[in-house]
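Data block below; observations after.
Protein chains get the first letters and strands the later ones, always in sequence-line order, with residue 1 at the start of each.
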Protein chains: 2
Amino acid sequence: MELAQALRADARRNHDALVMAAAAVFAEVGVDAPIKDIADRAGVGVGTFYRRFPTRADLIVAVFRHEVDRCASEASNLAKEYAPFEALTRWIDRFLDLIITKKGLAAASSSDAPGYAALRAEFETRLVPPLKTLMDAAAAEIRTDVSATELWRAVALLCAPATPDDFDQTRKMVGVLVNGLRTALPGA
Amino acid sequence: MELAQALRADARRNHDALVMAAAAVFAEVGVDAPIKDIADRAGVGVGTFYRRFPTRADLIVAVFRHEVDRCASEASNLAKEYAPFEALTRWIDRFLDLIITKKGLAAASSSDAPGYAALRAEFETRLVPPLKTLMDAAAAEIRTDVSATELWRAVALLCAPATPDDFDQTRKMVGVLVNGLRTALPGA
DNA sequence: TGATAATCGGAATGCCATTCCGTATAAACG
DNA sequence: CGTTTATACGGAATGGCATTCCGATTATCA
């Protein structure tokens, strides 16, 4: 599945070293960390970095791909175990766990800077479809004029400045937003 | 009212020139425009800029102070003319007009970067109190566990990437958020 | 008209992104 | 195994921007 076959052995080594170094640096400093720091930590030059990952977003995608996939895959389980709206809110909570614990990820994923197109595309491809499925399932209870893309974008924006410390406060405001999707009262 | 008396004549001239130049540049490029561009346009050196406005936020505050005040002052009129929740939503709409039409202002005002403390303080001082008044008036219809500060912050975050083109889309998501504050259904 | 304190301008410094190219080497070939 | 060659490497070089610093200027007042 990985298209690594086309890479020369040293190139693959460097690729892997960069992803590992980036994971460490991202955890410490956030996804905005200077490229040089990541390259140094991986023991490669910045030229090598840019050859392997033309944009910072490409690196971010590589670092978090597995976590994103795991988050996406949990949607179907929630859909089976809970009522539609409950499944939706629980999955969004799960999404918050993913995004808030990665310093700067929410801001980066909701950035419209051209360099972050790859990251937006990743979310659009992997996370929006399951979200859409959950929203469709809950269609009877929520506004239908808000698309899944619009919703994740809004959630990401609300999370943009959040750190794990603000988790509860951010969750509250996301809760307000999601509550605003309802067409019926909680008690109904 | 302006504490300009303490300034030497040339200093005051430069101050005013900077504010005017900044207003023009902000309108064209946004509030993130390079300081040098603003200084050039005002015909002063960057040293003069930094002496007069230690942070970019100080300049932003100076440029938009009147508009911010006007927005704040309209809250009381709306409170008189409309039912509480209606007044709240209308004022937030008014706030959107203010913030979305100034390129980068929403992002800057919701930034938690230390350099933007002055801008956050300006909003907190001038806009949050009227918002709180409107929210208090509508207390019977909305959640009471969301503070005025939290609400404006969330609204600003939703507007952060918006341009006048996205106005309708942004307004929609802000509408969802505000709707999520309600404790009763629209029809109730 | 000086004296003096406030101000000015822009060169200098530092940080970071991104590109470029001479050097090195993995891998394919004979 | 050499040889060849397409890939890949590293880090110096370039460019943009923020911010600081200080010798040169100038408003103000006695």
Side-chain angles (χ1 to χ4, degrees), chain A residues 2-22 25-26 28-62 103-104 107-108 111-119, chain B residues 2-22 25-26 28-60 62 103-104 107-108 111 113-119:
Chain A
E2 303 288 342
L3 54 157
Q5 273 48 23
L7 283 185
R8 227 169 69 171
D10 52 351
R12 153 161 285 306
R13 253 197 318 277
N14 287 333
H15 170 102
D16 294 348
L18 280 166
V19 171
M20 277 192 293
V25 174
F26 285 177
E28 286 168 20
V29 183
V31 301
D32 299 318
I35 296 298
K36 176 105 193 321
D37 291 357
I38 297 167
D40 284 353
R41 184 128 172 187
V44 306
V46 292
T48 298
F49 172 85
Y50 280 102
R51 199 169 324 100
R52 223 39 75 205
F53 301 98
T55 72
R56 179 187 296 274
D58 296 315
L59 179 64
I60 297 174
V61 166
K103 225 173 298 178
S111 158
D112 53 357
Y116 285 99
L119 186 55
Chain B
E2 305 288 341
L3 55 158
Q5 274 46 24
L7 284 184
R8 227 169 69 171
D10 50 351
R12 153 163 284 309
R13 253 196 319 278
N14 287 333
H15 171 101
D16 294 349
L18 280 166
V19 171
M20 278 193 292
V25 174
F26 285 177
E28 287 168 20
V29 182
V31 301
D32 299 319
I35 296 297
K36 176 106 192 323
D37 291 358
I38 297 167
D40 284 353
R41 184 128 173 187
V44 306
V46 292
T48 300
F49 172 85
Y50 280 102
R51 198 167 324 100
R52 223 38 75 205
F53 301 98
T55 73
R56 180 187 295 273
D58 296 314
L59 179 64
I60 297 174
K103 226 173 297 177
S111 158
Y116 285 100
L119 185 56

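For B:Arg12 and D:dT28, the CZ to C1' distance is 16 Å, given to the nearest whole Å. With rounding to whole Å, B:Ile38 atom CD1 is found 12 Å from D:dT19 atom P. One atom, OH of A:Tyr116, and another, C1' of C:dA17, lie 11 Å apart when rounded to the nearest Å. Atom C1' of nucleotide D:dA8 and atom OH of A:Tyr50 are separated by 18 Å, given to the nearest angstrom. In this structure, A:Ile35 atom CD1 and C:dT18 atom P are separated by 7 Å, rounded to whole Å. For the pair B:Asp37 CG and D:dA18 P, the interatomic distance rounds to 8 Å; values are reported in whole Å. Look at CG on A:Asp32: it is 15 Å from C1' on C:dC15, rounded to the nearest Å. Summarising the geometry, the separation between CZ on B:Phe49 and P on D:dC17 is reported as 15 Å, rounded to the nearest angstrom.
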Restricting to nitrogen or oxygen on both sides, can you table the protein-nucleotides 27-30 of chain C pairs closer than 3.5 Å?
from   : atom 1 : to     : atom 2 : distance (Å)
C:dA27 : OP1    : A:Ala9 : N      : 3.0

For nucleotides 9-11 of chain C, list the nitrogen or oxygen atoms of the protein found under 3.5 Å from its nitrogen or oxygen atoms, one pair per line.
from   : atom 1 : to      : atom 2 : distance (Å)
C:dG9  : OP2    : B:Gly45 : N      : 3.2
C:dG9  : OP2    : B:Thr48 : OG1    : 2.7
C:dG9  : O6     : B:Arg51 : NH2    : 3.4
C:dG10 : N7     : B:Gly47 : N      : 3.4
C:dG10 : O6     : B:Gly47 : N      : 3.1

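Not one N or O on the side chain of B:Lys103 forms a donor-acceptor pair closer than 3.5 Å with the backbone of B:Phe26.
Atom CG in B:Asn14 sits 10.0 Å away from atom CG in B:Leu7 (nearest 0.5 Å). Atom OG1 of B:Thr48 is separated from atom CG of B:Leu18 by 7.5 Å, given to the nearest 0.5 angstrom.
Applying the side chain to side chain contact (heavy atoms under 4.5 Å, CB included) criterion to B:Asp10, with sequence neighbours excluded, gives B:Arg8, B:Arg13. Contacts of A:Asp37 classified as side chain to side chain contact (heavy atoms under 4.5 Å, CB included), with partners at least two apart in sequence or in another chain: A:Pro34. Every side chain to side chain contact (heavy atoms under 4.5 Å, CB included) that A:Ala21 has, sequence neighbours left out, goes to A:Ile38, A:Arg41, A:Ala42. Here A:Asp16 pairs with A:Arg12 under the side chain to side chain donor-acceptor pair (under 3.5 Å) rule; sequence neighbours left out. For B:Phe53, the ring pair (Phe, Tyr, Trp, His ring centres under 6.0 Å) partners two or more places apart in sequence, or in a different chain, are B:His15, B:Phe49. For B:Ala117, the side chain to side chain contact (heavy atoms under 4.5 Å, CB included) partners two or more places apart in sequence, or in a different chain, are B:Arg120. For A:Asp32, there are no salt bridge (Lys or Arg N to Asp or Glu O under 4.0 Å) partners two or more places apart in sequence or in a different chain.
Looking only at side-chain heavy atoms (C-beta outward), B:Ile35 and B:Arg56 come within less than 4.5 Å of each other.
Listed by residue number, the members of residues 53-62 of chain A with any heavy atom below 4.0 angstrom from DNA chain D form an empty set.
Among D:dA18, C:dA17, C:dC8, the nucleotide with an atom closest to any side-chain atom of B:Ala11 is C:dC8.
Using a 4.0 Å heavy-atom criterion, one finds that B:Arg52 contacts the sugar-phosphate atoms exclusively.
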